[in-house]
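First comes the structure, then the notes that go with it.
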2 protein chains.
Amino acid sequence: MNNSASPRATAPRGRIRRENEARILEAAERVFAETGLAGATMAQIAQASGLPKANLHYYFGTKEQLYQAVLTAILELWLDATDAMLPESDPALALASYVRAKMRHSRTRPFASRVFANELLSGAPYLTDYLEIDLKQRVEAKSRIIAGWIADGRMAALDPRHLFFMIWAMTQTYADFAVQIRAVMSVESLDDTAWEEATDEVISFVLRGCGITPAASAP
Amino acid sequence: MNNSASPRATAPRGRIRRENEARILEAAERVFAETGLAGATMAQIAQASGLPKANLHYYFGTKEQLYQAVLTAILELWLDATDAMLPESDPALALASYVRAKMRHSRTRPFASRVFANELLSGAPYLTDYLEIDLKQRVEAKSRIIAGWIADGRMAALDPRHLFFMIWAMTQTYADFAVQIRAVMSVESLDDTAWEEATDEVISFVLRGCGITPAASAP
DNA sequence: AAAGAAATTGACCGCTTGGTCAACTTGTTT
DNA sequence: AAACAAGTTGACCAAGCGGTCAATTTCTTT
């Protein structure tokens with residue numbers, strides 16, 4: 001009778017729903033990452049999630065809705081990345097940690113990166129608002145900070161927007177075009193050391209590219 | 001009677017075939033660029049080429065064969081790029097012209113770049129040989145040259161393979177993720193000036209990234 | 001001008017697709 | 001334990017898919 005004292009006695013409301021939705025979203029991300037919205041099939045996602053196809057429709061309605069749910073989750077992840085690029089930051093440290101975060105992202109969430117890439121390749125029909133509003137504003141805000149650093153002579157003069165395009169490209173290539181990298185490096189997969197090396201290469205390159213001599217030390 | 005003197009009187013053998021194949025290949029490249037092999041439909045390609053669907057099958061057999069024909073044409077284009085990266089070259093000039101060629105490619109053949117990107121995203125099932133043999137060898141050959149430049153103290157010490165990954169990423173992003181760039185820059189399309197600026201930004205960034213102070217002059 | 005080769009194409013076919021549904025089982029509440 | 005809500009799923013459907021084909025037209029050659 002005192003089960004009210006133990007709210008976990010049976011199960012919280014909607015627990016099953018939450019678990020299954022997460023399971024489906026994860027499988028859908030993997031499948032959409034390979035072939036995009038048009039190329040993926042609900043049967044593939046069903047098999048990848050280990051659930052019958054009808055179950056996906058029960059939770060998400062249509063394929064488009066499931067796709068949008070996947071995209072939304074990715075965007076939240078994308079926008080969450082709280083990067084410490086403030087006017088008073090040290091450009092070297094700020095840029096290095098930005099690149100490092102992007103590289104970590106490419107390693108831990110490669111499928112998210114590929115879904116995003118697929119969406120951009122097909123003209124981003126589901127992302128116009130994000131690109132033209134959220135992303136644009138964030139880039140403008142950060143560009144002003146970088147412009148400030150340049151004005152203060154703390155880094156080379158360059159167009160901050162292109163700097164972002166280049167950093168995104170360099171870091172995401174390790175997720176999106178991993179096959180190409182594995183083939184050229186002749187490895188089955190990149191291990192911890194290889195990822196550290198890659199990250200260090202990109203950071204050094206970016207800092208030099210920005211005309212910054214890598215900071216003496218960064219504890 | 002003297003039409004033998006004018007071999008172009010009626011038409012060369014196979015002219016129609018050549019023209020139609022080219023027309024189909026061009027349309028297929030556009031369509032495959034957007035959604036990849038799995039996402040594209042023969043009906044879409046037919047409409048894009050202005051020819052009935054049965055005609056595509058008459059010339060290319062299956063969708064997979066048409067896709068391979070598109071990929072093969074792209075690879076020839078890719079490998080054709082005769083870049084002058086020789087041991088005796090000036091690193092600054094050689095790298096600048098390499099980047100410039102890649103940027104020009106992104107502008108003139110964006111669909112080719114996107115087809116390639118789609119193929120890599122889906123794991124490159126049709127490109128394993130190219131990646132593991134042709135590309136790998138070319139990268140190794142050029143990497144030796146760059147390693148020589150580094151040994152001679154003509155540029156910063158970096159892993160040449162990662163340098164290539166980064167250059168490819170930076171230059172291809174202007175073709176593959178053009179929507180994103182247009183959205184951030186708030187333009188309908190990049191004009192001549194915008195492309196020149198982008199190219200200059202990338203070249204400067206790469207040269208600085210390689211520890212090269214941009215050459216005084218390059219006629 | 002005749003005849004064979006090449007190209008064209010609407011109609012068609014079997015299969016896969018996204019999506020539905022009703023019958024059923026499991027979970028939750030009282 | 002009764003009653004209702006939530007979740008499960010095989011079977012099914014119309015639409016769209018890649019691909020075929022036979023009848024026809026258009027080239028090219030002689």
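Everything quoted here is computed from the prediction, not taken from an experiment. Throughout, a chain's letter reflects where its sequence line sits, starting with A, and its residues are numbered from 1.
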Taking the six-membered ring for Trp, are Tyr130(B) and Trp78(B) ring centroids under 6.0 Å apart?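 Ring-ring flag for Tyr130(B)/Trp78(B): false, centres at least 6.0 Å apart.
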Do His162(A) and Tyr174(B) make the cut of ring centroids closer than 6.0 angstrom?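 Centroid separation for His162(A) and Tyr174(B): below 6.0 Å.
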Whole-Å distance between [N] [atom2] and [X] [atom1]?
| X | N | atom1 | atom2 | value |
| --- | --- | --- | --- | --- |
| Leu66(B) | dG18(D) | CG | C1' | 12 Å |
| Gln47(B) | dG16(D) | CD | P | 14 Å |
| Arg23(A) | dG7(D) | CZ | C1' | 13 Å |
| Tyr67(B) | dG19(D) | OH | P | 15 Å |
| Arg18(B) | dA6(C) | CZ | P | 15 Å |
| Glu19(B) | dT8(C) | CD | P | 10 Å |

Sort me out a list of protein N/O and nucleotides 24-26 of chain D N/O pairs below 3.5 Å, or just none if empty.
none

Would you check if [X] and [Y] make a side-chain contact, meaning some heavy-atom pair closer than 4.5 Å?
| X | Y | value |
| --- | --- | --- |
| Arg138(B) | Leu79(B) | yes |
| Asp176(B) | Leu121(A) | yes |
| Tyr59(B) | Leu51(B) | no |

Is the closest basic N to carboxylate O distance between Arg161(B) and Glu201(A) below 4.0 Å?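 Salt bridge absent between Arg161(B) and Glu201(A).
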Are Glu34(B) and Arg30(B) close enough for a salt bridge, meaning some N to O gap below 4.0 Å?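 So Glu34(B) does not pair with Arg30(B) through a salt bridge.
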Using nucleotides 14-24 of chain C, report all nitrogen or oxygen pairs with the protein that are shorter than 3.5 Å.
unit_1  : atom_1 : unit_2   : atom_2 : d
dG18(C) : OP1    : Ala40(A) : O      : 3.2
dG18(C) : OP1    : Met42(A) : N      : 3.3
dG18(C) : OP1    : Lys63(A) : NZ     : 3.2
dG18(C) : OP2    : Met42(A) : N      : 2.9
dG18(C) : N7     : Lys53(A) : NZ     : 3.1
dG19(C) : OP2    : Lys63(A) : N      : 2.6
dG19(C) : N7     : Lys53(A) : NZ     : 3.1
dG19(C) : O6     : Lys53(A) : NZ     : 2.6

Is there a donor-acceptor pair closer than 3.5 Å between any side-chain N or O of Lys102(B) and the backbone N or O of Gln172(B)?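 It does not hold such a pair.
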If only side-chain N and O atoms of [X] are considered, is one of them under 4.0 Å from the OP1 or OP2 phosphate oxygen of [N]?
| X | N | result |
| --- | --- | --- |
| Arg17(B) | dA7(C) | yes |
| Tyr58(B) | dC21(D) | no |
| Asn55(A) | dG10(D) | no |
| Asn20(B) | dA6(C) | no |

Walk me through it: do Glu140(B) and Lys136(B) pass the test salt bridge (Lys or Arg N to Asp or Glu O under 4.0 Å)? CA-CA 6 Å; Glu140(B) 280 172 1; Lys136(B) 185 171 154 51; 2.5 Å; yes
Taking the side chain of Ile16(B) as its heavy atoms from C-beta onward, which of dT8(D), dT9(C), dT8(C) lies nearest to it?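 Closest nucleotide among those given: dT8(C).
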